[in-house]
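Side-chain atoms are counted along with the backbone in the values below, which use heavy atoms only and exclude waters and symmetry mates.
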Amino acid sequence: MEKQKTESISKKEFFHFYFNILEGFKRWFALFFISIFLVTILDGILIYVSKFFVDESIKLRSIESVIKISSIYSIFMILNFAANFGHVYFSRLFAQHLLFKLRQLIFNHLQNLSFSFFDRSNTGQLISTAMIDTGNLSQFLSLSIVGMIWRFFSIVVSCAFMLKLNTRLALFLILLTPVFIAISVVFRNKITITYRTIRKLISDINRVYNENIRGIKVTKSFCLENSNLKKFSETSGILYDHSIKAGKLSAFYTPLIEILCTSYLVFLVLYTGYNYDSLNISLGDIQAFILYAFAIIGPVSNFSYIFTNFQNSLVASERIYRLLHERIEIKDKEDTETLPDYITDIEYQHVSFHYKEKIPIIEDFNLKISDKETVAIVGPSGAGKTTIVNLLSRFYEPQEGHININGMDYREYSLHQYQKRLGIISQNPGLFSCSIRENIKYGNEGITDARMIEAAKITGAHDFITRFSEGYDYEIGQNGTSLSSGQKQLLCITRVLIHRPDIIILDEATSLIDTITENQFKIGLRNLKNKFTMIIIAHRLSTITHAEKIIFIGNGSILEQGTHYELMNRKGRYYNLYIKQFQDKIEQKIELLKNE
């Protein structure tokens with residue numbers, strides 16, 4: 001999410017979001033509500049029954065009264081136990097169902113968000129929202145909301161019984177409530193702001209952890225351990241300061257409430273002691289009154305804990321709300337056209353595109369690609385090569401112009417159906433911590449082993465796979481850590497070929513492959529020629545000499561176009577780049593021979 005979005009959502013938005021999420025959990029919430037209501041009623045009854053121990057059983061010293069009242073008390077205790085079990089169980093069940101739903105919603109929404117969202121977001125913050133914030137909100141609902149409702153009912157029930165026992169004493173305690181509320185209002189804004197800052201800093205720390213772990217090789221190779229620790233310590237130190245500030249606010253708020261509560265109890269004991277005769281109450285009434293007072297004072301003094309959790313969950317809810325309401329920029333129109341059985345031609349018509357900086361990357365770009373044609377896109381870094389294929393893949397959409405598929409703007413087709421026809425192989429291999437077989441068949445486990453092996457032979461992956469004793473069942477580890485960079489890339493290319501897409505896009509797919517593997521792959525690409533429409537972005541020009549069309553890109557425009565031999569004969573930009581790469585290879589070989 002964008003860093004600038006730090007303002008809080010309104011209370012109306014928060015509660016609207018909160019109640020919409022709870023809409024699907026009415027049954028669990030109703031059972032929880034009933035059970036917690038029963039708990040507070042039974043708590044009040046138990047206190048009321050206990051006064052008879054003093055007034056009748058102990059005062060009269062009647063064993064029969066003790067047995068009778070004890071029996072009644074035991075029955076209510078059993079009922080109270082059942083109600084307590086119900087409210088704890090249903091609150092946990094309710095919270096876990098909510099947690100499951102929230103994480104499902106976030107996961108699904110993240111998958112549907114456009115690439116532009118991920119361009120402006122950091123992984124640590126997203127993971128923090130998906131895991132930590134949802135956990136905080138769930139914990140708030142299962143513990144704090146439960147406590148809040150229980151305390152509210154407890155106060156109401158206790159006040160009702162206290163009014164029955166003695167109206168004058170009960171009203172005095174009830175009139176203290178606005179004082180507690182006023183103190184809470186004073187502290188609320190300060191605590192909210194502090195916790196919002198803390199959540200932001202925790203996300204920053206998660207991001208630093210994520211980047212440092214992923215870039216551990218760079219850190220060690222440049223000996224940046226101390227530098228990184230210094231930067232981390234600065235962020236962690238700011239978090240420490242704000243956490244201490246939040247702790248001070250809570251530490252001041254809690255004792256203040258407790259002093260007021262204790263003062264009332266002292267007043268209650270002294271007042272009833274001096275005015276025992278005029279109050280017309282029994283010893284059992286006083287004992288019950290004190291217990292009811294504790295039943296009110298205890299919840300009130302613990303409201304600081306609930307309030308702190310509420311602020312924490314409010315910040316978490318804001319972040320979840322914003323993430324789930326991030327606009328999906330690329331989505332289907334209401335009435336989409338049916339995509340033809342096979343994609344036969346592609347045409348860029350006056351396409352212009354820029355990222356958020358508003359600097360044009362592609363401007364008035366025109367290109368036509370015929371059925372089963374192999375087109376290579378070359379040029380300097382930053383020329384717009386990857387942007388061209390990202391637009392074709394519909395990861396982004398052009399701000400101006402059209403990309404036509406079979407003569408129709410590709411925005412007219414279903415996004416999901418269209419992207420299923422594409423086989424995209426990027427520069428960075430994306431593998432999963434499972435077997436080679438599962439990685440190749442990812443997303444289509446029904447593909448036969450024969451088809452899998454055929455694709456692996458075309459790419460040259462079959463040779464290194466069969467060297468493992470487990471073969472295709474070899475576990476490659478997280479992100480393929482047990483494989484070389486070239487082997488990872490070959491698996492990714494094989495995974496695309498096995499699906500037999502209409503269009504294969506290779507975005508610097510051979511950049512991590514060694515020279516021997518590159519030669520095998522070049523043979524594989526020639527085998528694919530005239531079987532698929534292929535678009536190849538290549539840094540190594542030696543891998544695309546077989547292409548029917550090579551376009552040289554500069555500043556988002558086509559500067560040269562033709563076959564390898566046509567461009568070489570022109571002796572322009574492509575020729576100069578090819579000759580330079582060829583000379584560099586010769587110089588590298590000479591340098592190796594010298595070292596030997």
Side-chain angles (χ1 to χ4, degrees), residues 115 330 339-340 342-355 359-413 415 418-419 421-427 501-509 525 528-541 543-568 570 572-575 577-578:
F115 268 68
I330 298 176
L339 190 67
Y342 189 79
I343 295 175
T344 56
D345 63 272
I346 304 162
E347 185 175 8
Y348 292 77
Q349 289 186 337
H350 306 290
V351 171
S352 296
F353 177 79
H354 59 76
Y355 294 102
I359 300 170
I361 304 297
I362 301 295
E363 196 164 17
D364 197 28
F365 182 80
N366 294 278
L367 175 66
K368 189 166 185 178
I369 302 171
S370 303
D371 182 29
K372 295 184 176 64
E373 185 178 26
T374 299
V375 176
I377 304 174
V378 300
S381 298
K385 303 185 296 294
T386 297
T387 300
I388 290 169
V389 294
N390 280 343
L391 288 170
L392 178 62
S393 306
R394 219 176 151 192
F395 295 154
Y396 303 89
E397 289 178 344
Q399 280 99 17
E400 295 178 27
H402 304 274
I403 297 177
N404 293 336
I405 300 297
N406 289 18
M408 184 177 289
D409 192 311
Y410 70 168
R411 284 170 283 207
E412 299 294 328
Y413 301 124
L415 178 64
Y418 172 68
Q419 289 182 335
R421 302 288 189 89
L422 308 178
I424 303 167
I425 306 154
S426 65
Q427 185 175 2
D502 294 351
I503 302 168
I504 294 178
I505 298 170
L506 294 97
D507 185 2
E508 296 281 11
L525 286 180
L528 296 174
K529 193 175 180 181
N530 301 323
K531 293 180 181 178
F532 302 94
T533 300
M534 286 197 295
I535 301 168
I536 306 170
I537 295 177
H539 173 71
R540 296 181 186 176
L541 302 186
T543 61
I544 49 93
T545 55
H546 66 286
E548 286 105 342
K549 188 187 292 179
I550 299 172
I551 61 173
F552 190 98
I553 299 293
N555 296 322
S557 301
I558 298 175
L559 303 179
E560 292 181 2
Q561 185 173 174
T563 65
H564 171 72
Y565 299 105
E566 289 170 348
L567 294 174
M568 290 299 288
R570 289 178 199 169
R573 292 178 175 84
Y574 178 83
Y575 171 85
L577 185 60
Y578 187 86

Just verifying a value: how many Å separate [X] [atom1] and [Y] [atom2], rounded to the nearest 0.5 Å?
X: Thr545; Y: Tyr565; atom1: OG1; atom2: OH; answer: 6.0 Å
X: Gln561; Y: Leu567; atom1: CD; atom2: CG; answer: 8.5 Å
X: Tyr578; Y: Leu541; atom1: OH; atom2: CG; answer: 7.5 Å
X: Leu506; Y: Ile424; atom1: CG; atom2: CD1; answer: 10.5 Å
X: Leu392; Y: Ile346; atom1: CG; atom2: CD1; answer: 5.0 Å
X: Ile553; Y: Leu367; atom1: CD1; atom2: CG; answer: 7.5 Å

(message) Walk me through whether Ile503 and Arg421 qualify under side chain to side chain contact (heavy atoms under 4.5 Å, CB included).
(response) CA-CA 7 Å; Ile503 302 168; Arg421 302 288 189 89; over 6 Å; no
Is a donor on one side and an acceptor on the other found under 3.5 Å between the side chain of [X] and the backbone of [Y]?
X: Asp345; Y: Asp371; value: no
X: Gln419; Y: Ser393; value: yes
X: Ser352; Y: Asp364; value: yes
X: Tyr348; Y: Leu391; value: no

Over all heavy atoms of both residues, which pair between [X] and [Y] is shortest? Give the atoms and the distance, please.
X: Gly562; Y: Glu566; result: CA-OE1, 3.3 Å
X: Arg573; Y: Leu559; result: NE-CD1, 3.6 Å
X: Ile330; Y: Arg394; result: CD1-O, 3.6 Å
X: Phe353; Y: Pro398; result: CD1-CA, 4.3 Å
X: Ile361; Y: Gly384; result: CG2-CA, 4.0 Å
X: Lys372; Y: Tyr342; result: NZ-OH, 3.6 Å

Pairs involving residues 400-409, ordered by first then second residue, that meet side chain to side chain donor-acceptor pair (under 3.5 Å) (sequence neighbours left out)
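As it turns out, the side chain to side chain donor-acceptor pair (under 3.5 Å) pairs with a partner in residues 400-409, which skip direct neighbours, are Thr344-Asn406, Gln349-Asn404, His402-Asp409, Asp409-Arg411.
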- Pairs flagged by side chain to side chain donor-acceptor pair (under 3.5 Å) wherever residues 381-390 is involved - sequence neighbours left out: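 Output for this query lists Tyr355-Thr387, Thr386-Asp507.
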Practice problem: Before accepting this row, confirm whether a basic side-chain N of the pair Glu373/Lys549 lies closer than 4.0 Å to the acidic partner's carboxylate O. | Solution: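 The answer is yes: the pair qualifies as a salt bridge.
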request  = Could you walk me through whether Ile504 and Ile425 pass the side chain to side chain contact (heavy atoms under 4.5 Å, CB included) test, one step at a time?
outcome  = CA-CA 8 Å; Ile504 294 178; Ile425 306 154; 4.3 Å; yes
* **More than 12 heavy atoms of other groups within 6.0 Å of Asn366 CG** =>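 More than 12 heavy atoms, drawn from other residues, nucleotides or ligands, come within 6.0 Å of this atom.
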